[in-house]
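Everything below concerns the one structure shown next.
In the text below, chain A, chain B and the rest are named by the order of the sequence lines, each starting its count at 1. Please read all numbers here as calculations on a predicted model, not as lab measurements.
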Amino acid sequence: MLPSRTLLVSWRWNDLADSTAGALHICPVSYSANDRLVRLHQRAGRDGVTNWLKKDFTLNQQHAAEYIVLLHGSVFAEEDAGHIKESLAHSPHQSDIHYFGSGNGFIYYTPSTDTGFLDHEGNFADEFDKDIRIRDEHGGLHHPCFHKVWRHYRHRAKRKLDDAHTFTNRFLNPSIESAGLSGTAAELMRKHRPEYLVEVESLLNLLREHYDDEADVQEQVKKFARLLSEKHLSSGRDLIEISEQFEELLAAIKEHDY
Amino acid sequence: MHIQIFSDDTFAAAPLEKRLRQHGLEHSAYQPGDAIKATHFVLFSPVWCNEQFVVCDSVWKKYFEVEKSRAFRKIGLVTAGYERAKHENYLCLLDLPEDLPAFFEEALPCHEAWQPFPVKGTDMAQALRRFYLGHGNESVLAAFDSIATKVRDIEKHRATMPFEKILEGENSLVSPAKLGELWHNFRVRWGHYRPFAPSLPFYPRLAELEEISKNMDVFFQTGCSDVNLFAENKVAARTQRIKDILEECSAYAS
């Protein structure tokens, strides 16, 4: 059985700001009983987030469960994530905690990629724009909408790949141009910086596993893997083809991460 | 011509340094906080800072552009990275120009109107704007001004009024709880941006801001009601200094 997925978003939810029912609302996900969006008003603070997680961990301790917590950066301090993690250190489950708003805003609705589900004012994106389709007639979040946000924050695939791109260039270019090494990218990394190769290969595996519904991503992964192990490098210019293939792969992942 | 190179990875800078030596071009490494004494400044972009790649190219350009020093405005800012770009002020490290001296001669100075080649990474120009303007909140200058005004009131009256009277009671000038809360909010907001400071050209001023703030935390975090802590920690003068730094640096955020 797949683990349940809980996405907790602590933010200035307008409809929960003065709600007599409390600062919390659990939003179901269409056709996916395993998933849910927990909306917690930011006034609950880090203690509110911690207490809710503790309680839910206890209720779910017999089941496999994954949690992602998104905190808005204007209200939650840099140390809050660490504090929440520490408070939950001996719990049966773990949670990834990220900030949004002061950097990574993938959770905000973006028309060009049709991803995300928040507007910038404290509401679901479809609250005032009825052309946006993110919830069903019962108020449940559409599954693709939830899944893409979950996948993005869970894996940060595009950001990690982008970082790997720069790190490998920073290693390979001087290795060839200054240190006089030659070979395929995979050979050079395996011999001199094996941790880079492990990182790149694990990212490719992540894309194979979690982006298996995206044909373009799979196609670019294959091309890229082939270049890494077959393209012989003896000058910085030889790296250009690999670098361009990195870009093709990045472009195939329809996410924005900055 | 003197070229200063800011790269957070010395190994990555090696091929460029080798080529500069081959051409007899004078160059030196820049570390955050160093004095700038160059005709040309090479910024390896993005910069690895706070566990992520950040892009601060346009902040550096703005800094050189608006600083009072005329020499700064003439600096040829060159960003360097692995993008395949044709741009007067961008060096593709995978394919360096054959005639490097000519490339640097032709690099546009900062006072001219041009945009750095766009590079992927956390956009520090945008982050700075968000820090200053807020994200649905009031600007940081307005928020800090509320602190500075209250601190000025304390300073103005503390020679003639008992400290308790300034702070407490119906006729108090300042609510200690409110002042503590304002300070906490400022520290939370600054705390998200502080780790990126070393990537920025005005890092020494931001480091000073952090140092001063830390020195004053003890007053604000203990109820804002201890006259000795107020005096010993020079809260009035230091608050004014933070206000000045925030205002000075806002020029680079537009």
Side-chain angles (χ1 to χ4, degrees), chain A residues 11-12 46 71-81 99-105 108 119-122 156 158-180 192-193 233 235-244 246-247 250-251 256-258, chain B residues 7-19 21 44-48 50-55 80-85 92-96 118-124 126-131 133-138 140 143 184-196:
Chain A
W11 187 45
R12 55 184 169 127
R46 73 180 182 195
L71 308 173
H72 196 269
S74 71
V75 183
F76 289 90
E78 214 198 343
E79 62 269 22
D80 284 341
Y99 292 92
F100 71 104
S102 54
N104 186 355
Y108 294 110
D119 68 9
H120 286 271
E121 309 301 329
R156 305 294 299 271
K158 194 159 183 168
R159 169 73 70 107
K160 287 177 187 166
L161 199 63
D162 225 348
D163 289 356
H165 183 192
T166 306
F167 278 127
T168 51
N169 272 330
R170 281 176 166 204
F171 160 68
L172 291 170
N173 185 46
S175 297
I176 300 161
E177 288 288 330
S178 303
H192 301 283
R193 293 302 293 265
L233 307 171
S235 82
R237 287 196 184 106
D238 295 333
L239 268 172
I240 290 170
E241 197 181 343
I242 290 184
S243 203
E244 285 175 346
F246 242 122
E247 291 297 339
L250 283 162
H256 57 91
D257 203 355
Y258 295 107
Chain B
S7 170
D8 63 86
D9 180 338
T10 49
F11 186 61
L16 175 62
E17 287 170 338
K18 183 178 162 189
R19 287 285 302 279
R21 276 194 300 277
F44 273 58
S45 184
V47 177
W48 183 249
N50 191 30
E51 299 296 306
Q52 58 192 285
F53 280 113
V54 302
V55 179
Y82 304 98
E83 308 279 352
R84 296 285 290 148
C92 174
L93 296 162
L94 300 180
D95 191 11
L96 289 169
V119 173
K120 274 178 285 185
T122 302
D123 183 348
M124 289 312 296
Q126 199 180 67
L128 262 184
R129 276 195 295 277
R130 204 163 37 228
F131 173 65
L133 296 177
H135 188 80
N137 305 317
E138 63 181 341
V140 75
H184 172 77
N185 292 344
F186 169 69
R187 295 291 272 151
V188 165
R189 192 159 168 178
W190 165 238
H192 284 285
Y193 297 90
R194 182 189 60 221
F196 298 105

Are the side chains of Glu247(A) and Glu83(B) in touch, meaning some heavy atoms are under 4.5 Å apart?
yes
Glu79(A) versus Val188(B): any side-chain heavy-atom pair under 4.5 Å?
no
Heavy-atom closest pair (Leu93(B) atom, Asn173(A) atom, distance to 0.1 Å) is O-ND2, 3.2 Å
Under 4.5 Å from any heavy atom of chain B, what part of Leu172(A) do you find: side chain, backbone, both or neither?
neither
Is Phe171(A) close to chain B through its backbone or its side chain, or both, or neither, when contacts mean heavy atoms under 4.5 Å?
both
Got Ser178(A) and Phe11(B) here, is their nearest side-chain heavy-atom distance under 4.5 Å?
no
d(Asp95(B) CG, Ser235(A) OG) to nearest 0.5 Å is 8.5 Å
Ranking Arg170(A), Glu177(A), Arg237(A) by heavy-atom pairs under 4.5 Å to chain B gives rank one to Arg170(A)
Would you mind checking which part of Arg19(B) comes under 4.5 Å of any heavy atom in chain A, side chain (CB onward), backbone (N, CA, C, O), both or neither?
neither
Closest-packed option against chain A by number of heavy-atom pairs under 4.5 Å, given Pro195(B), Pro15(B), Ala13(B):
Pro15(B)
Asp163(A) versus Trp48(B): any side-chain heavy-atom pair under 4.5 Å?
yes
Under 6.0 Å between the ring centres of Phe53(B) and Phe167(A)?
yes
Can you name the closest pair of heavy atoms from Asn169(A) and Leu94(B) and give their distance?
OD1-CD2, 4.2 Å
Correct closest heavy-atom pair for Pro174(A) and Ala12(B) would be CG-CA, 3.7 Å
Check the orientation of Tyr99(A) and His192(B). Use parallel for under 30°, tilted for 30 to 60°, and perpendicular for over 60°.
perpendicular
Distance, nearest 0.5 Å, that separates CZ of Phe44(B) from OG1 of Thr166(A)
12.5 Å
Atom group of Ala14(B) that falls short of 4.5 Å from chain A, counting heavy atoms
both
Gap separating the OH atom of Tyr193(B) from the CD atom of Glu78(A), nearest 0.5 angstrom:
11.5 Å
